[in-house]
Structures are given as structure tokens and as C-alpha cells.
Amino acid sequence: MSLLTAYNGVLIRVGLYLLVFWPTVGYYVYSDSEKREFSNPQLRGVILGFLGILGLLIHLSLVQRQD
């Protein structure tokens with residue numbers, strides 16, 4: 001059994017998810033945090049980008065709460 005195909009390709013799925021959503025969400029959170037002058041926009045972008053869609057929802061709820 002190959003490592004990449006183990007457990008129906010879970011490693012590939014997680015890798016593709018991180019490859020697509022981490023940079024996309026991370027950049028959006030970073031640029032929006034910088035525009036709204038939040039503290040540590042780079043750290044917010046990395047952490048919430050790693051969470052992907054959940055990170056985006058967290059960011060949007062924090063922004064909505066602040067407004």
C-alpha cells in the first residue's frame with residue numbers, strides 16, 4: 001500500500017485542501033486585517049488561513065462583531 005493512497009487518499013486530500021485554501025484565505029484575512037488595522041495581520045493570515053473555510057468564518061464573525 002502506498003503512503004499517498006492509504007486511507008483512500010486522505011493525505012492527498014488534506015494536501016490539496018491546504019494548497020488551495022491556506023494561501024487564498026490567508027491572503028484575504030491578511031489584507032483585510034491590514035486594512036482594518038488589526039494587530040498582527042500576518043499572524044492572523046497564517047493561523048486563520050490554515051483553518052481554511054472555518055478560519056474565514058471566524059474572521060468574518062470577528063469583523064462583524066467589531067463593527
Side-chain angles (χ1 to χ4, degrees):
M1 181 181 280
S2 172
L3 180 62
L4 294 177
T5 59
Y7 304 109
N8 293 328
V10 171
L11 186 60
I12 292 175
R13 290 180 193 173
V14 170
L16 287 174
Y17 176 80
L18 289 176
L19 185 68
V20 171
F21 287 112
W22 190 345
T24 305
V25 172
Y27 180 74
Y28 173 77
V29 169
Y30 166 73
S31 63
D32 192 50
S33 296
E34 196 172 63
K35 184 173 33 173
R36 295 178 188 271
E37 298 178 356
F38 289 159
S39 61
N40 298 326
Q42 292 174 335
L43 184 63
R44 284 178 185 260
V46 169
I47 291 173
L48 294 177
F50 180 76
L51 295 175
I53 300 297
L54 179 62
L56 180 62
L57 294 175
I58 291 170
H59 175 71
L60 292 176
S61 70
L62 291 173
V63 166
Q64 197 173 41
R65 205 179 283 169
Q66 188 183 31
D67 290 342

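From a predicted model like this one, the values you see are computed outputs, not experimental measurements. Only this structure's heavy atoms are used, side chains among them; waters, hydrogens and symmetry mates stay out.
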Notebook entry, point to check: If you round to the nearest 0.5 Å, how far is CZ of Arg36 from NE2 of His59?
Noted result: 6.5 Å
Next item on the list: Give a yes or no on whether Phe50 atom CZ has more than 12 heavy-atom contacts from other residues, nucleotides or ligands under 6.0 Å away.
Entry: no
Next item on the list: Kindly give the heavy-atom pair with the smallest separation between Phe21 and Ile53, and that separation in Å.
Entry: CE2-CD1, 3.8 Å
Checklist line | Residues Leu60, Tyr28; criterion side chain to side chain contact (heavy atoms under 4.5 Å, CB included); working and verdict | finding: CA-CA 11 Å; Leu60 292 176; Tyr28 173 77; 4.1 Å; yes
Checklist line | Shortest non-hydrogen contact from Pro23 toward Leu18 | finding: CD-O, 3.4 Å
Check: Which atom names give the shortest non-hydrogen contact between Asp32 and Val63, and what distance separates them?
Finding: OD2-CG2, 3.8 Å
Checklist line | Close side-chain approach of Leu51 to Ile58, heavy-atom, < 4.5 Å | finding: yes
Checklist line | Hphob cluster co-occupancy, Val25 + Leu54, side-chain heavy atoms under 4.5 angstrom | finding: yes
Notebook entry, point to check: Should Phe38 and Leu62 be regarded as members of a common hydrophobic cluster, given that ILVMFWY residues are connected when their side-chain heavy atoms come within less than 4.5 Å of each other, either directly or indirectly?
Noted result: no
Margin query: I need the minimum non-hydrogen distance between Trp22 and Val46, along with the two atoms involved.
Written below: NE1-O, 3.3 Å
Checklist line | Considering all heavy atoms, the nearest Ser33-Arg44 contact | finding: OG-CD, 3.5 Å
